[in-house]
Protein chains: 2
Amino acid sequence: MLSIGQLSARTGVKVPTIRYYEKMGLIAPPDRSVGNQRRYEPDALRRLSFIKHGRDLGLSLEAIAELIDLADDPARSCADADRIAREHLSAVQDKIARLKRLERELTRIASRCTGHTIGECYVIQALSDHALCDDEH
Amino acid sequence: MLSIGQLSARTGVKVPTIRYYEKMGLIAPPDRSVGNQRRYEPDALRRLSFIKHGRDLGLSLEAIAELIDLADDPARSCADADRIAREHLSAVQDKIARLKRLERELTRIASRCTGHTIGECYVIQALSDHALCDDEH
DNA sequence: TGTAATCTCTATAGTCGCTATAGGTTCAAG
DNA sequence: CTTGAACCTATAGCGACTATAGAGATTACA
């Protein structure tokens, strides 16, 4: 039996976050000690690690909840889990593409700075005038 | 004189967002019509476009507020504006690097799916077992 | 002038995924 | 038995909006 602090230390998920996951229905409410403190079965380690792993990969709690449902029923088709992963992958790829455009734009803006006064500052000028941009954003 | 709806249409910033920016102190409270509706000078177009442009580049409202302060005082050194842009640039670059690692991992996970049942699903297995991952995240 | 459609007003609550705080209780070690 | 750490609940805050409700203003047209 683990206290919430031990569970936290072993999974790297902070204590208030574990309680938050419980409230959100991602982990089952555990048994309590006589003094009303949470006591977890070792099994909780696996489930919480699953959640943390998904979060580290950037999945939403909603997506993770869906995957937990799936994982609990090994007979079901894998297609849904696959779909969730692929949808997330394409969201990540979109984000990368957008950030790369921003990176180009910011590099261009920052590199033109002549180091003098605001009146001549390219950063400010570029923000004031969209026409100075390389592409649409 | 522009109504808030006209200002919104011309800048692409939604009406409630304009009011939100006003409450946050990013734009000055405009004059009002007899019936208490906001009426903007054409000048507001420039300021709001500046804000929108910064947001599109991913700057925080705080950073934008700082830049507005700078822009209003053309005699000051450009160094601060340059610093803000460069700091943001390196945050963007960090984000790109992290997302690329996720992309690799997700691609790997999703591509191994055999299309059968959850019991064999690599997506679920990978989430359950960190040891299946290629790198730390 | 009337009326209808659209626009605008304020205030408040919700979004996401936590994190922080306050004020109290329980536990484990010495 | 005492101390100090860990734990409890409930609530508020973060950033940057978005949505809703219920009321009032403006505009276009007949």
Side-chain angles (χ1 to χ4, degrees), chain A residues 1-27 29-40 44 47-48 50-68 84 87-88 91-92 95 98 102 137, chain B residues 1-27 29-40 44 47-48 50-68 84 87-88 91-92 95 98 102 137:
Chain A
M1 292 297 241
L2 301 162
S3 72
I4 196 169
Q6 290 167 333
L7 186 61
S8 167
R10 295 242 217 139
T11 57
V13 179
K14 288 181 185 156
V15 169
T17 305
I18 297 174
R19 288 195 278 249
Y20 173 74
Y21 287 164
E22 181 184 325
K23 205 168 60 171
M24 294 296 105
L26 279 155
I27 52 181
D31 290 341
R32 299 288 183 127
S33 72
V34 188
N36 198 36
Q37 297 192 355
R38 289 170 180 82
R39 290 296 176 262
Y40 295 91
R47 169 132 306 179
L48 192 52
F50 185 100
I51 296 170
K52 173 157 174 44
H53 200 168
R55 288 297 297 139
D56 286 348
L57 289 171
L59 295 169
S60 69
L61 293 186
E62 197 190 346
I64 292 169
E66 222 178 319
L67 287 170
I68 287 176
I84 291 171
E87 275 174 13
H88 184 59
V92 165
K95 234 179 243 167
R98 277 194 326 136
L102 295 183
H137 42 240
Chain B
M1 292 295 241
L2 301 161
S3 73
I4 196 169
Q6 290 167 334
L7 186 60
S8 168
R10 294 242 217 142
T11 57
V13 178
K14 290 185 185 150
V15 168
T17 305
I18 296 174
R19 289 195 278 248
Y20 173 73
Y21 288 164
E22 180 183 325
K23 205 168 61 171
M24 293 297 104
L26 280 154
I27 52 181
D31 290 340
R32 299 287 184 127
S33 72
V34 188
N36 198 36
Q37 299 191 353
R38 290 170 180 81
R39 290 295 177 264
Y40 294 91
R47 170 132 305 180
L48 192 53
F50 185 100
I51 296 170
K52 173 157 175 47
H53 200 169
R55 289 295 299 139
D56 286 347
L57 288 171
L59 295 169
S60 67
L61 292 187
E62 197 189 347
I64 292 170
E66 224 178 315
L67 288 170
I68 287 176
I84 292 171
E87 274 173 12
H88 184 59
V92 166
K95 235 178 242 168
R98 277 191 324 141
L102 295 182
H137 43 238

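We name chains A, B, ... by the order of the sequence lines, and we start the count at 1 in each one.
If B:L61 and A:I4 are placed on DNA chain D by their nearest nucleotide, the residue sitting closer to the 5' end is A:I4. Comparing B:S60 and B:Q37 against DNA chain D, the residue whose closest nucleotide sits nearer the 5' end is B:S60.
Rounded to the nearest 0.5 Å, atoms CD1 (A:I18) and OG1 (A:T11) are 5.0 Å apart.
Side-chain contact between A:R39 and A:R32 is absent, with no heavy atoms from C-beta onward closer than 4.5 Å. For the pair B:Y40/B:R10, no side-chain contact is recorded, criterion being any heavy-atom separation below 4.5 Å from C-beta on.
When the nucleotides D:dC7, C:dC18, D:dT9 are ranked by their closest atom to the side chain of A:R32, D:dT9 comes out on top. The side chain of A:R39 lies closest to C:dA28, out of D:dA25, C:dA28, D:dC17. Distance from the side chain of A:K23 is smallest to D:dT11 among D:dT11, C:dT8, C:dT19. With distances taken from any side-chain atom of A:P16 to the nucleotides D:dA16, C:dT19, C:dG17, the minimum falls on C:dT19. Comparing D:dT9, C:dG17, C:dC9 by their closest approach to the side chain of A:R19 singles out D:dT9.
The residue B:R55 sits close only to the backbone: its heavy atoms come under 4.0 Å of sugar-phosphate atoms, none of a base.
Rounded to an integer number of Å, the gap from CZ of B:R38 to C1' of D:dA25 is 14 Å.
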